[in-house]
Amino acid sequence: MNREIQVFACPHGPLLVRGADIVVDESGDEHAVERPVVALCVCEGSGRKPWCDGTHKSIRRDLP
Ligand code: FES
């Protein structure tokens with residue numbers, strides 16, 4: 001069964017993922033997705049990876 005998964009990259013923030021059942025982190029650990037949309041940390045600063053906890057707002061870097 002094909003299922004549509006959408007990913008949206010927030011400027012200077014997380015990846016928003018809609019439609020996923022599982023997220024596999026960089027260690028290969030699986031995390032069940034229990035919401036329609038989840039935010040994945042891409043800044044490496046979250047205290048609850050792989051999920052975004054908003055830390056990116058305080059460690060924002062100067063980007064072009
Ligand atoms: S992207 Fe939000 S805490 Fe890392």
Side-chain angles (χ1 to χ4, degrees):
M1 177 165 123
N2 289 332
R3 182 169 179 178
E4 182 174 321
I5 297 174
Q6 298 176 330
V7 178
F8 175 76
C10 297
H12 310 294
L15 292 177
L16 299 182
V17 179
R18 177 189 300 273
D21 291 327
I22 295 173
V23 167
V24 181
D25 68 20
E26 62 195 28
S27 299
D29 295 329
E30 295 185 354
H31 302 268
V33 173
E34 299 174 351
R35 299 177 180 181
V37 178
V38 291
L40 301 180
C41 177
V42 295
C43 76
E44 301 290 327
S46 176
R48 45 184 297 267
K49 289 184 225 173
W51 317 120
C52 169
D53 68 356
T55 300
H56 62 271
K57 296 173 190 170
S58 63
I59 60 173
R60 183 175 164 182
R61 300 178 186 105
D62 291 329
L63 299 173

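Note that ligands are numbered from 1 as they come in the structure, with each ligand's atoms numbered from 1 the same way. Hydrogens, waters and symmetry mates are skipped; everything else that's a heavy atom, side chains included, is used.
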Quiz item: Which heavy atom of Cys52 sits nearest a heavy atom of Pro14, and at what distance?
Solution: CB-CB, 3.7 Å
Quiz item: Any sub-3.5 Å donor-acceptor pair from Arg48's side-chain atoms to Asp53's backbone N or O?
Solution: no
Quiz prompt | Pairing of Arg18 and Glu4 as salt bridge, 4.0 angstrom limit | solution = no
Quiz item: Side chains of Lys49 and Asp25: does their closest heavy-atom pair fall under 4.5 Å?
Solution: no
Self-check item: Closest non-hydrogen atom pair, Gly13 against His56
Solution: CA-CD2, 3.7 Å
Quiz item: Of the options Val38, Ile22, Val17, which is the one that meets Val33 in a side chain to side chain contact (heavy atoms under 4.5 Å, CB included)?
Solution: Val38
Quiz item: Protein N/O/S atoms under 2.8 Å from atom 4 (Fe) of ligand 1: how many?
Solution: 2
